[in-house]
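Taking it in order: structure first as structure tokens, then the write-up.
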There are 2 protein chains.
Amino acid sequence: MTDPTAPGPLAAIAALIADPARARMLAALMGGEALTAGELARVAGVTAATASGHLARLAEGGLLLVHPQGRHRYHRLASEEVAAAIETLGGLATRIAPVRQWKHGEDARRARLCWNHLAGRLGVALHLRLTGEGWLTPVPGGWDASRDGRVRLEATGVDLARAETAPRFACDCMDWSERRPHLAGGLGREIASAWIASGWLRRLPAQAEDDILARRRLVLTPEGARGLKDGLGLDLAA
Amino acid sequence: MTDPTAPGPLAAIAALIADPARARMLAALMGGEALTAGELARVAGVTAATASGHLARLAEGGLLLVHPQGRHRYHRLASEEVAAAIETLGGLATRIAPVRQWKHGEDARRARLCWNHLAGRLGVALHLRLTGEGWLTPVPGGWDASRDGRVRLEATGVDLARAETAPRFACDCMDWSERRPHLAGGLGREIASAWIASGWLRRLPAQAEDDILARRRLVLTPEGARGLKDGLGLDLAA
DNA sequence: AGGATGCTTCGCCGTGGCCCGAAGCGTCCG
DNA sequence: CGGACGCTTCGGGCCACGGCGAAGCATCCT
């Protein structure tokens, strides 16, 4: 005999996201990096005491993973599915209340980081190209790279070996602004970080602190555009 | 200068789902049918007065559409994206807290109604078959049926003309139990209702009232299995 | 050591929300 | 027309939850 007033699992999860402070924390974590409790407290605009309580609840609820390191406690989203759920919910919010348009429609859509892989137009185009050429094929739980694909990707600076040691996730994370699958999982993460490291992509600082979700806007640098065209035959001018 | 304590859109939407009574209402509406305020009050386990307030908030928040009819007021989910968001969130809940397993794992997964189109194993298999044979190709905003596809589908009792008048939605609604796209939109709806009407599929009564989401379980009848095999070459025995 | 820093626990207060019963409209029916 | 029914609005009570400051641990630095 279960308590009829007990919130079902759906309400319970939603309640975790429903608090403004917690939502700000989660949004901040959508970038994919792990942040300390103090940083999250600042982002959320509450004291350390309050933030501590929130973080405990989020971790307890399974949305966050905690990684203690010295006197810091790093927090990150528990999984790609958590990120996807927040993404979907956030997309719904903007779709329902189209209060604010994208600052510069096309620009913002072009490339961005979702969770921590490439999303937006670039992410979709990349996904299309890599699978279209047979360089990458989705397999249950991850991706399979053809011999040709390995060479191509590694020529762009992507460390495939490292991507393969990372936990695999078959998150065909749906991108609400493009409505097409993009490249997620360990490989997507590796690609994004490699190209950011090599300067092909550059992060833009968050424009508005309380932006829809604290997505990381990205710009493709001229070198990046050249590299993608030469290495992968991906011409983004079109 | 916006109020810094104002809940962002993410938190606002989540808050709508976060209340147990409202969550039960939304879950009940996941079947896709429109329900009256009274029915929803009963489902949620609250008085009509309380339910009225909840429904007003949900409609105000854009999650529900209201359709007054005589002295009744019918409510339904505002869009497929709303359904998808709830679906995703619900999936997250069960994934994180695998409290209760599916009663009979395989059976329950086999076929069910998501929102109001086919989901589960059957939905995915159908999607695969129809697109694999080139009978159906996704186009922005809906589906395109080849000449062959039209004949095949209409032979199974699907009214394509009616499906085309329905509002189109390119909801490649991701199915969390199968993690593959299934057939959504006006066509998906039409297919589901046609096959249910002809007895190929039969609805099962909800087992537990407070089930994860009030998904409609479906069984494929022997006639349905035969019809799918003969008409579409879809053999579900495998 | 001793002190600074990061984080958590505790106790308290304030408020927002949820809930209900009663009353007020609109609609349908005999 | 009167009454039943469906739904909404209003007023009031109640509890949960978010917020803070102070105190308590743990860790790092010198």
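All values below come from the heavy atoms of this structure, side chains included, with hydrogens, waters and symmetry mates left out. So that the names make sense, note that chain A is the first sequence line, chain B the second, and so on, each numbered from 1. Everything numeric here is computed off the predicted structure, so don't read it as measured data.
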When rounded to the nearest 0.5 angstrom, what is the spacing between [atom1] in [X] and [atom2] in [Y]?
X: A:His75; Y: A:Leu40; atom1: NE2; atom2: CG; answer: 6.5 Å
X: B:Leu89; Y: A:Ile13; atom1: CG; atom2: CD1; answer: 6.5 Å
X: A:Leu58; Y: A:Leu55; atom1: CG; atom2: CG; answer: 6.0 Å
X: A:Leu77; Y: A:Leu65; atom1: CG; atom2: CG; answer: 8.5 Å

Atom-to-atom span, [atom1] of [X] to [atom2] of [N] - whole angstrom:
X: B:Asp19; N: D:dC15; atom1: CG; atom2: P; result: 17 Å
X: B:Ile17; N: C:dC18; atom1: CD1; atom2: P; result: 13 Å
X: B:Arg42; N: D:dC5; atom1: CZ; atom2: C1'; result: 12 Å
X: B:Met25; N: D:dC7; atom1: CE; atom2: P; result: 11 Å
X: B:Glu39; N: D:dC7; atom1: CD; atom2: P; result: 8 Å
X: B:Leu58; N: D:dT8; atom1: CG; atom2: C1'; result: 16 Å
X: B:Gln69; N: C:dG26; atom1: CD; atom2: C1'; result: 16 Å
X: B:Arg71; N: C:dT27; atom1: CZ; atom2: P; result: 11 Å

Closest-nucleotide mapping onto DNA chain C: is B:Gly70 or A:His72 further toward the 5' terminus? I mean the 5' end. A:His72
Looking at residues 45-55 of chain B, who's got a heavy atom less than 4.0 Å off DNA chain C? B:Val46, B:Thr47, B:Ala49, B:Thr50, B:His54
Kindly say if A:Arg73 contacts the phosphate of C:dT8, meaning a side-chain N or O under 4.0 Å from OP1 or OP2. yes
Do side-chain atoms of A:Arg22 reach the backbone of A:Ala15 as a donor and acceptor pair under 3.5 angstrom? yes
So, A:Arg76 side chain and A:Ala34 main chain: donor-acceptor pair closer than 3.5 Å or not? no
